[in-house]
Each structure stands twice: as structure tokens, then as C-alpha cells.
Amino acid sequence: MYSIYHFFKSLIDNKKHFATMHKLEDFPFEKSLLSCRSKGQFPDMAIRLNKKGELFTGGELIELKDSNHYTISSFNSTIPMGRKEISRVTKGQNSIIRQQMEDAGDSIDSLPIRDVFYLIRGRKKENIKVLLMHGSFFETIKTSELISQSFSQVLEERIGQSGIQVNDDVKELLISMFSEQDNFSKVRIVDKASVKLRFRIMTEIKSEGNILNSNKYPEIENNTINFILPYHTEKDRDIAIKCMTEVFGNKGLRNFKELKLKHHFNGYFLIFQQSLND
């Protein structure tokens with residue numbers, strides 16, 4: 001059986017390595033759970049799909065984020081989000097990811113929308129925080145809205161600097177045209193130019209979204225490993241408890257501290273927390 005819950009269990013079983021390994025990517029991940037591994041492109045890993053299973057679908061996408069501080073390093077080219085279309089992940093230059101998934105026996109398009117998780121390690125002196133968290137923690141507004149509003153700020157600045165009058169309908173049209181990341185990620189080739197140009201989006205986490213920040217999120221204690229899931233309704237918690245019990249058993253579940261964390265912008269999240277030193 002494959003799922004992000006089984007992946008989390010494999011992290012718990014080998015949690016001692018978080019304190020000793022130099023790079024997060026060198027962690028002894030359970031290979032049998034994975035359908036792909038990549039470096040330098042999203043995702044770093046993906047969980048295998050379950051061909052049959054009502055409780056666990058598998059297929060989750062995982063990105064690694066390692067830091068020598070209690071800050072989350074920037075996201076290069078890929079804006080963090082909670083769910084992602086697999087067709088966007090496996091097309092074009094990422095076709096090698098599709099090939100790996102197919103070689104692992106996955107019927108990729110059978111689960112077109114995938115949950116995205118981030119495995120984060122932050123270090124501050126002798127202390128460590130490890131988090132396996134759902135990407136919706138970072139996606140407090142839709143990605144298209146984030147891009148379009150950012151572009152709107154640039155447009156308004158240029159209009160103000162130039163003094164040119166632009167009709168509101170024209171502005172709205174321009175803003176709506178620049179709401180997809182694909183608009184920026186392609187390489188542009190200009191006639192007679194000896195270089196090619198590619199605009200890249202870099203995403204940096206604000207303090208309100210930095211879950212490693214003890215002042216903002218004191219629930220995440222030093223030297224703990226945390227599994228963080230959306231908690232919008234009691235049904236969300238019921239499903240999480242059922243899945244955790246299935247993977248860890250009732251006795252194993254008692255080894256976790258269950259917490260409820262309030263995001264500054266995005267509602268509540270459920271935390272299963274365990275010490276790294278036990």
C-alpha cells in the first residue's frame with residue numbers, strides 16, 4: 001500500500017538521520033514507495049499509485065526544502081500549491097518524470113489531480129525542525145490570482161511612471177492575460193539576438209507563512225518531526241485519524257501529540273508531532 005501516510009511512517013522509522021545527514025536529499029527514503037525521483041525540477045519525488053484502494057490513492061507529489069536557518073528557502077520556478085494537475089508535471093521537458101512513473105507501473109492519468117506535499121528541514125544551531133506538510137499551507141490564494149495581482153502592481157507602476165492614460169477595460173484584459181505561470185516559463189527567441197530570454201518566477205515565503213518561525217507558529221517545537229494536514233472540517237480530522245491509525249496502529253498513534261494550528265491567512269491545520277530524540 002502506498003500513500004503520503006506510509007511515506008511519513010518511513011520518515012518516523014528513520015528519523016535519527018535528520019540530525020546527521022548533510023543534505024536532505026541524502027535521507028534514506030523508502031524506494032519501494034516512490035514512482036520517481038528527480039533533481040532540479042518539480043517534483044523531487046512522487047508516491048506510487050494504488051491500483052485499488054478506497055482509503056489511500058497514493059500519487060502524492062513531494063518537494064524537498066532544506067535550510068540552515070529557521071526560514072524556508074525560496075521556490076525557484078514553481079509556485080507552491082496544495083494540488084497540481086499531473087499533466088502539467090509530466091509534459092515537455094519533464095517527460096522523464098512520466099517515463100519513471102510508467103516504468104514503476106503507474107497509470108498516471110488515472111489520478112489527474114495530485115496532492116502536493118513539502119518535506120522541510122530547518123536547522124538553527126543544535127536544533128532541528130522537520131515538517132511534512134500539505135502545500136495548501138502556502139497557497140492562501142489561487143496561483144492565478146497571485147500572478148495576476150503581482151502583474152497588476154507592475155502595470156500600475158509603469159502607468160504611473162509614464163503618465164499614459166490606460167482604459168480600465170484594457171488594464172483588466174492585460175492582467176487577465178498574464179495569470180498563468182506558463183506565460184513566463186517558456187524560452188523566448190528573438191530574431192538576430194545571440195541570447196535567449198526566459199523569465200522565471202521566484203517565490204519567497206512571507207513571515208506569516210514561515211511555519212519554522214517560532215514567534216509565528218510556536219506549536220512547531222524544536223527537535224520535532226511534524227505531519228501537517230488541512231483541517232477545515234471535522235471530517236478532515238476523522239479521515240486523517242483513520243489513515244494514521246491504519247498505518248501506525250492505535251498504539252503507534254499514541255506516540256504522537258495531536259495539535260491544531262491556526263494559519264494567519266488560511267484557516268486551521270492538523271499536526272501530528274513527535275520528538276526527534278525519542
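Only heavy atoms go into these numbers, but all of them, side chains included; no hydrogens, no water, no symmetry mates.
By the 4.5 Å heavy-atom criterion applied to side chains, L119 and F27 are not counted as neighbours. Between I205 and I211, the closest side-chain pair of non-hydrogen atoms is not below 4.5 Å. Between F248 and K9, some side-chain heavy-atom pair lies under the 4.5 Å cut-off. Looking only at side-chain heavy atoms (C-beta outward), F117 and L61 stay at 4.5 Å or farther from each other. The closest side-chain heavy-atom distance from F272 to L229 is below 4.5 Å. Using a 4.5 Å cut-off on side-chain heavy atoms (C-beta onward), I72 and F138 make contact. In this structure the side chain of F269 never reaches within 4.5 angstrom of the side chain of L259, judged on heavy atoms. The shortest distance between side-chain heavy atoms of M45 and R37 falls below 4.5 Å.
With sequence neighbours excluded, no residue forms a ring pair (Phe, Tyr, Trp, His ring centres under 6.0 Å) with Y70.
The aromatic rings of F227 and F8 lie parallel to each other, their planes meeting at an angle below 30°, with 60° marking the opposite boundary.
We find that K51 and D106 are not joined by a salt bridge, their nearest charged nitrogen and carboxylate oxygen being 4.0 Å or further apart. Between D238 and K242, no side-chain nitrogen of the basic residue sits less than 4.0 Å from a carboxylate oxygen of the acidic one, so the salt-bridge criterion is not met. D109 and R98 are joined by a salt bridge, as a carboxylate oxygen and a charged side-chain nitrogen come within less than 4.0 angstrom of each other. Ion pairing of K39 with E25 is present here, as a side-chain N (NZ or NE/NH1/NH2) and a carboxylate O approach within less than 4.0 Å. We find that K257 and E221 are joined by a salt bridge, their nearest charged nitrogen and carboxylate oxygen being less than 4.0 Å apart.
Between the side chain of Q273 and the main chain of E219, a donor-acceptor pair closer than 3.5 Å is present. Between the side chain of H263 and the backbone N or O of F137 there is at least one donor-acceptor pair closer than 3.5 Å. Side-chain N or O atoms of E63 include one that pairs as donor or acceptor with a backbone N or O of D44 at under 3.5 Å. A donor-acceptor pair under 3.5 Å links the side-chain atoms of K65 to the main chain of S74, judged by distance alone. No side-chain donor-acceptor contact under 3.5 Å links N213 to the backbone of S207. Between the K15 side chain and the S275 main chain, a donor and an acceptor come within less than 3.5 Å of each other.
The CZ atom of F18 sits 13.0 Å away from atom CG of N223, with the distance rounded to the nearest 0.5 Å. Note that CG of L131 is 11.0 Å distant from CG of L11, once rounded to the nearest 0.5 Å.
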Steps toward side chain to side chain contact (heavy atoms under 4.5 Å, CB included) verdict (R48, L33): CA-CA 6 Å; R48 289 175 183 263; L33 293 172; over 6 Å; no

Would you please test I47 and Y5 for side chain to side chain contact (heavy atoms under 4.5 Å, CB included) and show each step? CA-CA 10 Å; I47 304 296; Y5 290 87; over 6 Å; no

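Separation of the Y118 and H134 ring centroids does not fall under the 6.0 Å cut-off. A distance of 6.0 Å or more separates the ring centres of H232 and Y268. Residues H6 and F56 place their aromatic rings such that the two centres sit under 6.0 Å apart.
If you chain together hydrophobic residues whose side chains sit under 4.5 Å apart, M1 and I62 fall into the same group. There is a path of hydrophobic side-chain contacts, each under 4.5 Å, that joins L276 to F29. No path of Ile, Leu, Val, Met, Phe, Trp and Tyr side chains, each step under 4.5 Å between heavy atoms, connects L132 with I239, placing them in separate hydrophobic clusters. Note on F7: it clusters hydrophobically with L55, by side-chain heavy-atom contacts below 4.5 Å among ILVMFWY residues. In the hydrophobic clustering of this structure, L49 does not group with I97; members are Ile, Leu, Val, Met, Phe, Trp, Tyr whose side-chain heavy atoms approach within less than 4.5 Å, directly or through other members.
For the salt bridge (charged side-chain N to carboxylate O under 4.0 Å, His left out) criterion with D66, the lone passing option out of R123, K129, K23 is R123.
Judged purely by distance below 3.5 Å, without hydrogens or angles, the side chains of D103 and Q99 pair a donor atom with an acceptor atom.
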